[in-house]
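Input: a single structure, listed below in structure tokens.
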Protein chains: 2
Amino acid sequence: MAGRNLVGPKADALDLGAVFRALADEHRRSVMTQLAADRSDSERGCNSFDLPISKQTQTHHFRVLREAGLIDEIDYGNRKGIRLRRADIEKRFPGLLTLLGEDSPGGTAPR
Amino acid sequence: MAGRNLVGPKADALDLGAVFRALADEHRRSVMTQLAADRSDSERGCNSFDLPISKQTQTHHFRVLREAGLIDEIDYGNRKGIRLRRADIEKRFPGLLTLLGEDSPGGTAPR
DNA sequence: CTTCAGGTACGATGCAAGTCATACCTGAAG
DNA sequence: CTTCAGGTATGACTTGCATCGTACCTGAAG
């Protein structure tokens, strides 16, 4: 059964504000970092990210990422696939995905 | 009179989460875009950005940008200077400033 | 059919953040 | 000195958002 691809903005319509808002959250950034690290861009299940939050909150976060245009969500009914929109992101905001890999090597940020 | 440079994180301590949170706000992103566009990196007055918000709120936004490590604030007492930390940003998150120039060419962002 | 796991919808809650009003500080100019 | 413009501190208000509880939907396996 081919799942339906849930709607998101077209590549040209990606909004930098929405992207930064999406990436401002630690959990969403974690998802994006894991996706960006896999150069094969294979489809992943949404429970493969080991997020320490409830199902409902995960649904919320994936929706935010999709509406920002960062991922595709493929709906299989009782299952969901996640795929990084690498080409669109690189076309509109080249270098953005590379930045996600630069996340705090030194760690302890002063608050 | 040499003003005192208000404290911010060192280049190595820049946190991507704090940076994205700072850039998630439209007014702060506007300031950063204007700063990034000026390749001479000259010091600017903080009322040179034409922000449609009150003084107190501007103070708040500049503080957030400074604490994220994106700008330096130079305190002259009854005046304040703003300078982009271009070198530090480029060292820690190369390409980030370039992204700010890619902001919505079509203008009207869909909400 | 029933059962069950994965996912969504709706509502409520708690906290962080953007905004402004009032009052005060700082330095320069009369 | 006084006056004035630029900036800050504090507090209050409001909005947005991350989180979860409850209930419901979907498809696969018995």
Side-chain angles (χ1 to χ4, degrees), chain A residues 1-8 15-33 43-68 70-83 109-111, chain B residues 1-8 15-32 43-83 109-111:
Chain A
M1 242 153 270
R4 300 190 321 275
N5 196 332
L6 299 181
V7 297
D15 176 61
L16 191 56
V19 168
F20 281 146
R21 269 190 297 276
L23 295 178
D25 183 85
E26 182 188 4
H27 297 136
R28 290 194 292 260
R29 207 164 56 251
S30 166
V31 169
M32 288 299 297
T33 301
E43 187 176 316
R44 296 182 56 168
C46 48
N47 50 359
S48 70
F49 293 96
D50 245 14
L51 297 176
I53 49 181
S54 68
K55 302 187 300 177
Q56 313 95 289
T57 305
Q58 293 190 33
T59 296
H60 164 69
H61 284 316
F62 286 121
R63 174 190 297 238
V64 172
L65 289 175
R66 170 172 55 86
E67 292 181 342
L70 296 174
I71 64 172
D72 278 328
E73 292 184 288
I74 300 96
D75 181 23
Y76 296 105
N78 67 341
R79 204 155 200 164
K80 200 169 57 174
I82 302 293
R83 191 187 307 248
R111 276 201 64 84
Chain B
M1 243 151 267
R4 300 191 321 274
N5 196 332
L6 300 180
V7 297
D15 177 60
L16 190 56
V19 169
F20 280 146
R21 268 190 299 277
L23 295 178
D25 182 85
E26 182 188 1
H27 297 136
R28 290 193 292 259
R29 204 165 59 251
S30 166
V31 169
M32 290 298 297
E43 185 176 318
R44 297 181 55 168
C46 48
N47 50 358
S48 69
F49 295 97
D50 244 16
L51 297 175
I53 50 180
S54 68
K55 301 187 301 179
Q56 313 93 295
T57 305
Q58 292 189 34
T59 296
H60 165 68
H61 285 314
F62 286 121
R63 175 189 296 236
V64 172
L65 288 175
R66 170 172 55 86
E67 291 181 343
L70 296 174
I71 64 172
D72 279 328
E73 289 184 290
I74 300 95
D75 181 22
Y76 296 103
N78 67 341
R79 206 155 199 163
K80 201 169 56 173
I82 303 293
R83 192 187 306 250
R111 274 202 65 85

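Note on naming: letters A, B, ... go to the chains in the order of the sequence lines (proteins, then strands), and numbering restarts at 1 for each one.
- Counting only heavy atoms from C-beta outward, the side chains of A:Leu65 and A:His61 never approach each other to under 4.5 Å.
- Listed pair A:Arg63 / C:dA9 meets the phosphate criterion, a side-chain N or O lying under 4.0 Å from OP1 or OP2.
- The CG-P distance, from B:Asp75 to D:dA9, rounds to 9 Å in whole Å.
- Dashed line: the shortest gap from a side-chain N or O of A:Ser54 to OP1 or OP2 of D:dC20 is under 4.0 Å.
- If B:Gly77 and A:Asn78 are placed on DNA chain D by their nearest nucleotide, the residue sitting closer to the 5' end is B:Gly77.
- Between A:Val64 and A:Asp25, every side-chain heavy-atom pair lies at or beyond the 4.5 Å cut-off.
- We find that CD of A:Gln58 is positioned 20 Å from P of D:dC17, with the value rounded to whole Å.
- Pairing partner, C:dA21: D:dT10, with both Watson-Crick or wobble hydrogen-bond distances short of 3.5 Å.
- A straight line from CG of A:Asp25 to C1' of D:dC17 spans 9 Å, rounded to a whole angstrom.
- Atom C1' of nucleotide C:dG7 and atom CD of A:Glu73 are separated by 10 Å, given to the nearest angstrom.
- Across D:dT8, C:dG7, D:dC20, the shortest atom-to-atom separation from the side chain of A:Lys80 is found for C:dG7.
- For B:Arg21, no side-chain nitrogen or oxygen approaches OP1 or OP2 of C:dA16 to under 4.0 Å.
- A:Pro52 approaches A:His27 most closely through the heavy-atom pair CG-NE2, 4.1 Å.
- Remark: B:Asp72 does not engage B:Arg83 in a salt bridge, criterion side-chain N to carboxylate O under 4.0 Å.
- In this structure, B:Leu6 atom CG and D:dA9 atom P are separated by 9 Å, rounded to whole Å.
- Protein atom CG of B:Leu51 is 15 Å distant from nucleotide atom C1' of D:dG7, rounded to whole Å.
- In this structure, A:Lys55 places its NZ atom 9 Å from C1' of C:dT8, rounding to the nearest Å.
- Residue contacts shown for A:His61 are limited to sugar-phosphate atoms, with no base heavy atom under 4.0 Å away.
- C:dG30 and D:dC1 make up a base pair, with Watson-Crick or G-U wobble contacts both under 3.5 Å.
- When heavy atoms are screened at a 4.0 angstrom cut-off, A:His60 is found touching base atoms of the nucleic acid.
- Distance, B:Gln56 CD to C:dC24 C1': 12 Å, rounded to whole Å.
- Closest approach of B:Ile82 and B:Glu73 over heavy atoms only: CD1-CG, 4.0 Å.
- Put simply, A:Thr57 has no side-chain N or O that comes within less than 4.0 Å of OP1 or OP2 on D:dA18.
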